[in-house]
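What follows is a single structure, written as C-alpha cells, with notes after it.
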Amino acid sequence: MNKNKEKLLAKRYSSEKRFQFLGKSAIFMALLFLAIFIFKIFSTGYTAFQKTWLIVPVNFDAETMYLDANPSKEDLEDADYFEISLQSMFNLDKNANEKQQNELKKMVSYFFEREIKQELINDPSLLGKTKDVYITASDDLDQVFKGNYPRDLPENQRRVTDYQLKIFDQLVEQGKVESKFNLSFFTYPDSREAELAGIASSFMGSIFSILVCLAIAFPVAVLAAIYLEEFAPKNRFTDFIEVNINNLAAVPSIVFGLLGLGILLAVFQLPRSTPLVGGITLSLMTLPTIIIACRASLKAVPPSIREAALAMGASRMQTTMHHTVPLSMPGTLSGTIIGLAQALGETAPLILIGMVAFVNTIPGSPMDPAASLPVQIYIWAESAERGFVEKVSACIMVLLGFLIVMNLFAQIIRHKFEKKWS
Amino acid sequence: MKKNGVNMIKISAKNVDVFYGKKQALFNINLEIEENQVTALIGPSGCGKSTFLRCLNRMNDVIDICKVQGEIVINDFNINDKGCDVVRLREKIGMVFQKPNPFPKTLYENISYGPTIHGMAQSKQEMDEIVETSLKKAALWEEVKDRLHEPGTGLSGGQQQRLCIARAISVQPEVILMDEPCSALDPIATAQIEELIDELKKEHTIIIVTHSMAQAARVSQNTGFFHLGELIEHGSTDKIFKNPENNKTQDYITGRFG
Ligand SMILES: Nc1ncnc2c1ncn2[C@@H]1O[C@H](COP(=O)(O)OP(=O)(O)OP(=O)(O)O)[C@@H](O)[C@H]1O
Ligand SMILES: [Mg+2]
C-alpha cells in the first residue's frame, strides 16, 4: 500500500520534471532560432550602413563648363558639368585607351556628375581650382572594398574588370578610397543602382500607409466593439456578426489585396500604388484585430464597475464613456499596435494594389506613389546585383527597428494608463 | 416621518414576481418599507434577497434574461411603469454593493461623480463641500482628508466600503439599498458601518440585506424573512426575533437551518 503510494509520487515528480525539461528545451529552441536569424541579418546587413567613396581630384575649369569668371547662382546651376566630371575620371589613368576610359567612368555611380556639381554650388570659390571630391563608388567596387566580392573568379564572370581592379587597388594604396556612414541609404529613394538605392520612399510609404490604416481602422473598430459589447442586444443577428468578425480576422491578406484592386482601384478609381489605397486595404485587415482586442478588454472590465456607475444614476452611455472605455483603453491600444505591426509587415495585398512599382521619388503625401518597407525587401531580394544583398538585410533591420519602436510606444502608453488606475 | 404615530410608507411592493429566463426567483412579494427606518432582509442563500433589492432601483434591467412583474410604488409612482426614468430613479435610490466597488479613480472623483452627472454643484467650491460632507457622513473624512487625490482603490476594504457609502449618499438619495455591506469586513469596520447606518436613517430610508442575525437585530427596526423566493414573514424586528408567527422563521433565526 505504502510502496504503491511512493511509486505514484515518484511518477508524479518525474512527469513534472519531464514537462519542465520539454518546456525549457522549447524555449531554448525558439531563442536559438531567433539568435541565428538575428545574427544572419546583422552579419549580412551591417555593411549596408557603410558606403565606399572614391576621392577624385576634380579640376573646376570655368572654360570647360562654359562659365565666365564671375558666374551667378543660376549660371552655376545651368553649367555643363559632364565634361569636367568625365575628365576627372579619365585623369585617374592618363594612358587609358578608349575602352579603358569607359571602364574608368563605370567605377563610380552615375550620380558622379551631380556630386561634383553639388561641390561647386556649395563653394563657388572653387571655380578654376582643383579639389579632391568624394564620389560614390559603383556598387561592385563598393562590394569589393567591403570584401564581399569574389575577386578570384575568372574575369568574364565578374562585373568588375581586371583593369578596374588594378586602378581601384592603386587608389586604395594612395588612401583615395574611403568608407563612410551611408546616409543616402536613409535619404535616397529606390534606385536601379545598388549604390544609390535607399529606403526613403518605402519608409515614408510605410508610415503613410500605417497612418491611413490607423485613421480608418481605429475609430471604426472601437465604435463597432463598443456598440457590440455594451449596447447591442444579444441575439442571433449579433452572434452572426461576431462569428463573421472572427472569420474576417482569418481571411488571408492577399484576398484583401484583391478587394482593394477590384473595388478601390477599379470602381472608385483611387490612384494606383499609393499609401492611401494601401492603408485602406490594410485597415480591412487590421479592423477585426482591433475589434477583437477592444471587445476582449471591454469584457475584462469588472461588471461591478458598470453596476457602480449605473447605480449612481449614470446612463448607459455615461457608464460606457466615463468608466468602461477608459479602463479598456490600454488593452485596446496594445491590440491596435499589434494590428498595425501586422499591417506594417504585410506584403501581398500591397503588391496587388501596385505598391510594388518602381518608385524613385519620395512620397510627400498618401496620394503619391510609394513602396513600403516589406515590399522594398521583396523588390531588392529579387534583384540580381550583389549590392542589393546587404540592402535586403539592412532593410529588414530597419523594419524590425520600426516594430520595436512601435511596441515600445505601446508599452509606454499602457504603463501610463495603468499608473493612473492603480 | 411619523404621521399619527405611524411611520409613513416609503416603498410598497405589490405582487412582485421575478423571472430569470424561465426560472422564477421571486413569488408574489408584498412588502411595505417604512420611511426613515432600517429594514433588514434576511433568509438563506439563494432565496432572492438580492433580487428583490435590485428590483427597487431597477438594477435587474441590466440582466438580459431577468423579467420583473408587479408593482413597486415609490412616492406614489410605480417604478415598473414604462414612463419611469431609470436615471432619475437611481439618483433617488442609492445602492451599496456586497463587494466594495470604488471606481478606479481618485477618492475625490469617486464622490464627485454622482453630483457631476446630475449637475448638483455649480462650482468647484460647492463640489468640495459635497465631497466633504459625504465623506464626513460616511465617517471617512478624518482618515482620508489628506489624500483625496489618491486612488480610491488604495484604501482598505472597510474604508473602500465606507467610500462606496459616501459615494451613494453624495447625491442625497431618499433610499439607500445595501446588499450585505459588511460581508467583507472585520468586526471593527462592521461596527463602524452599523453605527453609520443608524446615523443615516435620520435622513434616508435604508434597506439592508444581511446574513448576520445579530446585525439585523442590532441595526433594523423592521425585518423581512425570505425563503425560496417567497416572503415568509415580515414585521417589526422585535416581533420577528422574539415571537415569529411562522415555524420556518423561528427555525432560521435560531439557526436550525440556512
Ligand atoms: N443573473 C442571474 N441569472 C440567473 N439566475 C439568477 C441570477 N441572479 C440570481 N439568480 C437566481 O435567483 C435566485 C435568487 O438569487 P439572489 O441572488 O437574489 O439570492 P440571495 O438571496 O441574494 O442569495 P445570497 O444570500 O447568496 O446573496 C437564485 O436561485 C439564483 O440562482
Ligand atoms: Mg445576494
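Letters A, B, ... are given to chains in the order of the sequence lines, protein chains preceding strands, and every chain is numbered from 1.
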### Message
Please output the residues of residues 233-252 of chain A in contact with chain B, using a heavy-atom cutoff of under 4.5 Å, in numerical order.
### Response
A:Lys234
### Task
Between chain B and each of A:Arg316, A:Gln318, A:Glu307, count heavy-atom pairs under 4.5 Å; write down the option with the most.
A:Glu307
### Query
Within a reach of under 6.0 Å around CZ of B:Arg147, are more than 12 heavy atoms found that belong to other residues, nucleotides or ligands?
yes
### Query
Which bit of B:Thr106 comes within less than 4.5 Å of chain A, counting heavy atoms only: side chain, backbone, both or neither?
neither
### Message
Between A:Ser253 and A:Glu346, is there a side-chain donor-acceptor contact under 3.5 Å, judged purely by atom types and distance?
### Response
yes
Side-chain donor-acceptor distances from residues 216-232 of chain A under 3.5 Å, at least two apart:
unit_1	atom_1	unit_2	atom_2	d
A:Glu229	OE1	A:Arg295	NE	2.9
A:Glu229	OE1	A:Arg295	NH2	3.2
A:Glu230	OE1	A:Arg306	NE	3.1
A:Glu230	OE2	A:Arg306	NE	3.4
A:Glu230	OE2	A:Arg306	NH2	2.9

#### Entry: For B:Pro173 against B:Gly94, the heavy-atom pair lying closest together
CB-N, 3.6 Å
### Query
Can any side-chain N or O of B:Lys201 pair as donor or acceptor with the backbone N or O of B:Ile206 at less than 3.5 Å?
no
### Query
Quick one: are the ring centres of A:His322 and B:Phe103 less than 6.0 Å apart?
no
### Query
B:Val87 versus chain A, heavy atoms under 4.5 Å apart: side chain, backbone, both or neither?
both
#### Entry: Heavy-atom contact with chain A under 4.5 Å, split by part of B:Leu89
neither
#### Entry: Interface moiety of B:Pro102 toward chain A, non-hydrogen atoms closer than 4.5 Å
backbone
### Task
For the pair B:Lys10 and B:Glu174, find out whether any cationic side-chain nitrogen is under 4.0 Å from an anionic carboxylate oxygen.
yes
### Task
Kindly check if the number of other-residue, nucleotide or ligand heavy atoms within 6.0 Å of NZ (B:Lys67) is above 12?
no
### Task
On the 0 to 90° scale, with breaks at 30° and 60°, tag the B:Phe226-B:Phe52 ring pair as parallel, tilted or perpendicular.
tilted
### Query
Of the backbone (N, CA, C, O) and the side chain (C-beta and beyond), which part of B:Arg167 lies under 4.5 Å from a heavy atom of chain A, both, or neither?
both
### Query
Between B:Glu150, B:Arg54, B:Arg58, which residue shows the highest count of heavy-atom pairs closer than 4.5 Å to chain A?
B:Arg54
